[in-house]
Amino acid sequence: MALEAAERPSEETLLLWEREQARLKTRVVPRDTEAWQRDPAFPGLRRVGGVDVSFVPGDSSRACASLVVLSYPELQVVYEDSHMVRLKAPYVSGFLAFREVPFLVELVQRLQEKEPGLMPQVLLVDGNGVLHQRDLPCVGVAKKLLQVDGLENNSLHKEKIVLLQSGGDTFPLMGNSGTVLGMALKSHDHSTKPLYVSVGHRISLEVAVRLTHHCCRFRIPEPIRQADIRSREYIRRTLGNPGSPAQGQERHQKEQRPKACPKGGSGAPAGPGRPPEDCGRDSSTDLKDPQPGFQEQQKDQQSEGTGPHKDSDLWPPPAARVQSPP
DNA sequence: GCGACAG
DNA sequence: ATCTTGTCGC
């Protein structure tokens, strides 16, 4: 019993994927389309979403997908949905979205059905943007530089990183063609490794960078960081009771159900001068949590990929299935 | 054979 | 992404 999502896709499939990416790229709107994006203070922005997929250690096909919605500018979790999924496509550099996006789309659809009022106004996705074709504006936030189109994590690149002085500082990621593919962003004053921000859809690169910066309490923006933390916790809990039935979550815990949490510092409002802590529980549960003022050593947190925001899974390779435009 | 490669 | 122990600093 092991649906291997590990074998390399055939060249034919990769061609299909490339074709789909090119098609979606055509539809991306790399400009600001929302009112709140026009003012530096982001007036009207109330909810920012974050998505992530964490994997089960030994199993190459099982993972936990999470979607969280945070209030803005408080950055408090107001919604969370984490559940186990079965991966169908392998990870191939450059095609991350074909592996993870189907689940992210599903999470958004579940939210639409259960708590449409909590639909985020923008979605931060781990990985690089440039695609994403749906309705939600989104941003790609990667922790490592995707070395494509001439981009290289070479000495020159590292020199530029050293020149970043304070949180918010950036430098453009110029592709061979002279196109700016994204921006390296120092997410806070003491962060050593920059974030690589790129446009997803319906947002300009400039606003994407500012928004990402405003969502950072630590190196990784809170929406993505929370989705990461929660999806991993979910897996830890699930693996904690393997002594029972099937591998997993047959238990009627609080899983399958999206949960709207009216948390929000109830009782302990944001203290003066301090960013509001999470939903009451946070620092004690969070493993990696270097204070903005120091320690930036956490290897990596997570980020996944902004990519094709397609509907159908192009895996396994359906004989050239035709995509129907949203 | 080995390394690189968003996650 | 995940496997890994300790370690330094708030």
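Every chain is numbered from 1, with letters handed out A, B, ... down the list of sequences. This is a predicted model, so every value here is computed, not measured. These numbers come from the heavy atoms of this one structure, side chains and all, not from hydrogens, waters or symmetry mates.
- Using a 4.0 Å heavy-atom cutoff across all strands shown, A/Gly94 reaches at least one base atom of the nucleic acid.
- Looking at heavy atoms from C-beta onward, A/Tyr91 lies in side-chain contact with A/Arg99 at the 4.5 angstrom threshold.
- Rounded to an integer number of Å, the gap from A/Glu233 CD to C/dT2 P is 13 Å.
- Evaluated for a side-chain contact (heavy atoms from CB on, under 4.5 Å) with A/Val141, the options A/Pro221, A/Ser187, A/Cys216 yield exactly one hit, A/Pro221.
- Secondary structure note: stems in DNA chain C built from 3 or more consecutive Watson-Crick or G-U wobble pairs under 3.5 Å do not occur.
- Taking atom C1' on both nucleotides, B/dC5 is separated from C/dT2 by 16 Å, rounded to a whole Å.
- Between the side chains of A/Ser82 and A/Glu80, at least one donor N or O lies within less than 3.5 Å of an accepting N or O.
- A/Gln147 places its CD atom 10 Å from the P atom of B/dA4, with the value rounded to the nearest Å.
- Checked against a 6.0 Å centroid threshold, the rings of A/Phe218 and A/His190 do not count as neighbours.
- Nearest nucleotide to the A/Phe55 side chain, out of B/dA6, C/dC3, C/dA1: C/dA1.
- Taking 4.0 angstrom as the limit, A/Lys144 places none of its side-chain polar atoms (N or O) nearer than this to OP1 or OP2 of B/dC5.
- Taking atom CD1 of residue A/Ile220 and atom P of nucleotide B/dA6, one finds them 14 Å apart after rounding to whole Å.
- The distance between atom CG of A/Leu145 and atom C1' of B/dC5, rounded to the nearest whole Å, is 11 Å.
- One interatomic measurement links the two molecules: CG of A/Leu146 to P of C/dA1, which rounds to 15 Å at whole-angstrom precision.
- As rounded to whole Å, 16 Å separates atom P of B/dA6 from atom CD1 of A/Ile224.
- Rounded to an integer number of Å, the gap from NE2 of A/His157 to C1' of B/dA4 is 15 Å.
- The aromatic rings of A/Phe98 and A/Trp17 sit parallel to each other, their planes meeting at less than 30°, with 60° as the upper class boundary.
- As judged by a 4.0 angstrom heavy-atom cut-off over every strand, A/Phe95 is placed among the base-contacting residues.
- Taking the six-membered ring where the residue is Trp, the centroids of A/His213 and A/Phe42 are separated by 6.0 Å or more.
- Going from the C1' atom of B/dC2 to that of C/dT5 covers 28 Å, rounded to whole Å.
- Here the closest non-hydrogen pair linking A/Ser93 and A/Leu146 is OG-CD1, 4.1 Å.
- For the pair A/Trp17 CH2 and B/dG7 C1', the computed distance is 13 Å after rounding to whole Å.
- Residue contacts shown for A/Tyr91 include a base, since a base heavy atom lies under 4.0 Å away.
- At the phosphate of C/dT2, OP1 or OP2 sits under 4.0 Å from a side-chain N or O atom of A/Arg232.
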